[in-house]
Visitor: 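Shown below is the structure under consideration.
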Amino acid sequence: DAKTTQPPSMDCAEGRAANLPCNHSTISGNEYVYWYRQIHSQGPQYIIHGLKNNETNEMASLIITEDRKSSTLILPHATLRDTAVYYCIVRVRDTGNQFYFGTGTSLTVIP
Amino acid sequence: DSGVTQTPKHLITATGQRVTLRCSPRSGDLSVYWYQQSLDQGLQFLIQYYNGEERAKGNILERFSAQQFPDLHSELNLSSLELGDSALYFCASSSQQGGNTEAFFGQGTRLTVV
């Protein structure tokens, strides 16, 4: 169901930018890219989403390539509290725009 | 706080029993989604309701059912429980069904079947 590919794990030094990549080569023109994160067993937390333009909010920035086949979530100054599993999701229009979660990237922020 | 409320937070029950999980969406949200997350597993989409009507089904077992009431809260009913049904169950809500609308998740109900 998931249309995305993410590295299983990444480390990032505290205070540095964390860049989390995601491949979604089969994305269609009207399908949005979403990012969520899950800390321990808490409910997934919405981070950001976009269609084709780069997006920024108080939590992160989302960079989508021009061909829309990949994207990068940027946490500008990672803190220990950003340690979590990050999910990149493409809402597939043909399946009712459901949020299908893949395996995500486990990000560890190192002091 | 996402604004989505799930009750109970924890539930322990025996095999063969039936339980009901409740979800109150964010104020004004019409769409409710249910997910299951087993130990060390990803989130599996179960079912979605929009304004009282079922909109999509995922990997939901026949022993499981759900509904959304006129006040928009939703309940997930799990029957003939098995040990393998032990999991976290999450509810999410969004204002619309469209692709440009984020969903917000509750903190989940942890179900333990013994």
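In what follows, chains are A, B, ... by sequence order, proteins preceding strands, each numbered from 1.
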Visitor: Of the backbone (N, CA, C, O) and the side chain (C-beta and beyond), which part of B:Gln37 lies under 4.5 Å from a heavy atom of chain A, both, or neither?
Guide: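 Just its side chain gets close to chain A.
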Visitor: Testing the basics here: between B:Gln107 and A:Gly43, what is the closest heavy-atom pair and its distance to 0.1 Å?
Guide: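 Result for this residue pair: OE1-N, 3.5 Å.
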Visitor: Tell me whether the count of non-hydrogen atoms from other residues, nucleotides or ligands lying under 6.0 Å of CD1 in A:Ile110 goes above 12.
Guide: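 Yes, the 6.0 Å shell around CD1 holds more than 12 heavy atoms from other groups.
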Visitor: Please check if the side chain of B:Tyr35 supplies one atom and the backbone of A:Phe99 the other of a donor-acceptor pair under 3.5 Å.
Guide: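 Yes, the answer is positive, given that a donor and an acceptor are paired below the 3.5 Å cut-off.
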Visitor: Taking C-beta and beyond as the side chain, do A:Gln42 and B:Phe105 meet within less than 4.5 Å on heavy atoms?
Guide: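 Result no, sub-4.5 Å side-chain heavy-atom pair not found.
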Visitor: So how far is it from B:Thr101 OG1 to A:His49 NE2, rounded to the nearest 0.5 Å?
Guide: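 So the gap between those two atoms works out to 7.0 Å.
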Visitor: Between A:Gln38 and chain B, which part of the residue has a heavy atom less than 4.5 Å away: side chain, backbone, both or neither?
Guide: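 It is the side chain, since no backbone atom gets that close.
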Visitor: Side chain, backbone, both or neither: which part of B:Leu88 has an atom under 4.5 Å from a heavy atom of chain A?
Guide: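 Interface part for B:Leu88: side chain.
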Visitor: Verify the neighbour count for atom CZ of B:Arg110: are there more than 12 heavy atoms of other residues, nucleotides or ligands below 6.0 Å?
Guide: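 At most 12 heavy atoms, drawn from other residues, nucleotides or ligands, come within 6.0 Å of this atom.
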Visitor: Hydrophobic cluster membership, with links at side-chain heavy-atom distances under 4.5 Å among I/L/V/M/F/W/Y: are B:Ile47 and B:Val19 in one?
Guide: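 Yes; tracing contacts between hydrophobic side chains, which count when under 4.5 Å, links both residues.
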Visitor: Does B:Arg63 have more than 12 heavy atoms from other residues, nucleotides or ligands lying within 6.0 Å of its CZ?
Guide: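 Yes, because the 6.0 Å sphere around CZ of B:Arg63 holds more than 12 heavy atoms from other groups.
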Visitor: Does B:Leu111 share a hydrophobic cluster with B:Ile12, counting links as ILVMFWY side-chain heavy atoms below 4.5 Å and allowing steps through other members?
Guide: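 In one cluster: no.
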Visitor: Quick check on the hydrophobic clustering: are A:Ile64 and A:Ile74 connected, directly or via other members, by side-chain heavy-atom contacts under 4.5 Å?
Guide: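 In one cluster with A:Ile64: A:Ile74, no.
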Visitor: Between A:Tyr46 and B:Ser2 (side chain of the first, backbone of the second, donor and acceptor by atom type, cut-off under 3.5 Å), is there such a pair?
Guide: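 Side chain of A:Tyr46 to backbone of B:Ser2, a donor-acceptor pair under 3.5 Å: no, none is there.
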